[in-house]
Structure formats: C-alpha cells, structure tokens
Amino acid sequence: AWEPGGLPQGEAKSLWGLESDCEGPESIRDTRGGDQTTALPFSPCPSAALSQVSYARPSSASIRDANLYVSGLPKSMSQKEMEQLFSQYGRIITSRILVDQVTGVSRGVGFIRFDKRIEAEEAIKGLNGQKPLGAAEPITVKFANNPSQKTGQALLTQLYQSSARRYAGPLHHQTQRFRLDNLLNMAYGVKSPLSLIARFSPIAIDGMSGLAGVGLSGGAAGAGWCIFVYNLSPEADESVLWQLFGPFGAVTNVKVIRDFTTNKCKGFGFVTMTNYDEAAMAIASLNGYRLGERVLQVSFKTSKQHKA
DNA sequence: TATTATT
C-alpha cells in the first residue's frame, strides 16, 4: 500500500531492481517514454508533481555499465544539447547535468546512460577529449563510478565530512571580521591599502587583458576568482581552506578534491574569492606558506589544456 | 595523485 514518503523498503527494492545496474528511483526515469510506463493520478511524495511506475529494465550484461560520467562541459550547455551530442552513439536512457544548489548554474558535470554498454564505449572513444562544437575546453567522458562500490570507511568519512562542512563555512566566515584591510587600517591608519595594490594590478594597467586564462569565473551569481591550491595533505578538508583564505576577504566557495573511492585528498583544491584584490593578496601571502610539513603552491587557476 | 565536480 502507498504511504506518504513512498513504498515500503522491501517492496521498493524488488520493484526497482537495486541489485542491477540501475539505482533506485533512477530506474523509474529509465523507462520514461516507454510503452509500459503508467502515470499515477496522485503523488505519493508531497513534493513530486507526478510519479511513474513501470517494469524495471531486465538486468543483463549488455546494458550493465552503460552509464557515463562527463566533465568539462560548457556551463552554457543544456541537458538537451548534451543528449544531442551523445545521441549519435546510441539510444540514451537517461541523462543529467549537475547544477549548483544555490545558483542553479551548471557545474559542467553530467551523466549519460546508454541503452547498451557498447554504445557507451563508442561514445567514450568518440567524445572523450573532444571539444563540443565551439567549446573552449575538451570534455572528459568516462564510465561513471557506482556509489555502492565505495568502501564502508569512505562512506563514513564522507558522512562525517558532509556534516562537518555545514558548520565549517559559516563559522570561519566570521574570521572576515578581521579582514586584512581593516587590520592594516588599524595598524597603520591607511584608509584602503588594497587600493594601492589595485593601482599596480593588471586590471589597473591594461584592463582585463593581462588576466586572460586565469580563474575569473563567469555567471552572475557564481562570479569570482578561482584559486588553485596545491600540496594539500591527503587528510586535508574544507575547513583548512576556509581558515587559510577567509582572513583575506570574501570567500564564496572552497573545495578539496578527493579520490572518489578512497576519499583522500588528491593534493589540491580550489578557493573562490569575490574580489580580485583580496584574491591577489591571499595568493601573494599563501603561496609558499608552510602548512605542517608541506609548502603550498597557490595561484589563480589556469586552464591546463591551454597552458603553453 | 599537479588545475575539480560522481546522479
């Protein structure tokens, strides 16, 4: 029987075929448009506009591992455009583009599930490393990782980190009360020392031309200067980035890049800062900074592909 | 692990 919030767990498992290559509710989407899909006249989930129930696709070797992970997509590319790009290689069962939860803008990352594994293989051959029609950067196309293949330890670590992050951001934002310009103002009576830096910045000299290829990210809400931080320890987490960069000004986002399977930091991360002057000051101050046993390398993010 | 992103 239907209950608010969905099917009883045991029935959902057998109905959706969680043991197969499909994962839970995705399987419902998998057969959207198929001839055995039934739309319900009501919604078992209060937030859902429409629910659909259908037979799961039979599990077989030919459709297993047909799910692709795509990164480096142009932020402007829609899900439909991504499907058009991949549809030349086979029948697409489902697709998704991940978006920023706050701004709604594309994160440049998506998924494509083909009907057949062979189609996915051909799509990798044909599209991995290719630039989609007039895009500045090539995309990466590979088989998607399956969350269920994560180790229990990695899952625990991620659970811990996701709950710790909820506090790390706002907490360390408070350090911005001690912004560098305010500190210097108090210490030296300088009205706005950062404006002195601005006078000698590439912006002041020749506008934006000196900054081609560095990390000014576009988009109205997501705008900011992206900073690359290298030589983080395998145990580094987001809080260290907040602590390091927060005192220099407005930090809107930090990210430690981890191995998806082990959850260990790959040695680098990214920080987005709103203002060029503050980002430049943070880079000048933190590049070469010794964090524990490690010496950090900090710079504006560049496009690896275009580097000379 | 040297310029992200894993539904």
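To find a chain, count down the sequence lines: A is the first, B the second, and so on, and within it residues start at 1. Just so it is clear, the model here is predicted, and its values are computed rather than measured.
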Per A:Thr302 side chain, nearest of listed nucleotides B:dT1, B:dT6, B:dT3: B:dT3
Parallel, tilted or perpendicular: rings of A:Phe268 and A:Phe270 (30°, 60°): perpendicular
Parallel, tilted or perpendicular: rings of A:Tyr276 and A:Trp225 (30°, 60°): perpendicular
Side chain to side chain donor-acceptor pair (under 3.5 Å) evaluation trace for A:Ser59 with A:Arg64: CA-CA 7 Å; A:Ser59 179; A:Arg64 196 147 34 222; 3.2 Å; yes
B:dT6 phosphate, OP1 or OP2, under 4.0 Å from A:Arg107 side-chain N/O: yes
First of A:Lys75 and A:Gly267 reached from the 5' end of DNA chain B, by closest nucleotide: A:Gly267
Spacing of A:Gln297 atom CD relative to B:dT3 atom C1', expressed in whole Å: 12 Å
Atom-pair distance (CG on A:Asn145; P on B:dT6), nearest Å: 10 Å
B:dT3 pyrimidine/purine six-ring stacking with A:Tyr230, under 5.5 Å and 30°: no
Among B:dT1, B:dT6, B:dT3, the nucleotide that comes nearest once only the side chain of A:Ser299 is considered: B:dT3
Options B:dA5, B:dT3, B:dT4, nucleotide nearest the side-chain atoms of A:Ser71: B:dA5
Integer-rounded Å distance: B:dA5 C1' and A:Phe270 CZ: 9 Å
A:Lys266 NZ to B:dT6 P, straight-line distance once rounded to whole Å: 10 Å
Atom-to-atom span, CD1 of A:Ile139 to C1' of B:dA5 - whole angstrom: 14 Å
Spacing between A:Asn263 atom CG and B:dA5 atom P, to the nearest angstrom: 12 Å
A:Asp277 backbone acceptor or donor facing A:Asn275 side chain under 3.5 Å: no
Nucleotide B:dT4, atom P - distance to NZ of A:Lys301 in whole Å: 5 Å
Interatomic distance, A:Tyr69 OH vs B:dT4 P [rounded to whole Å]: 9 Å
N/O donor-acceptor pair under 3.5 Å between A:Asp115 side chain and A:Arg91 backbone: no
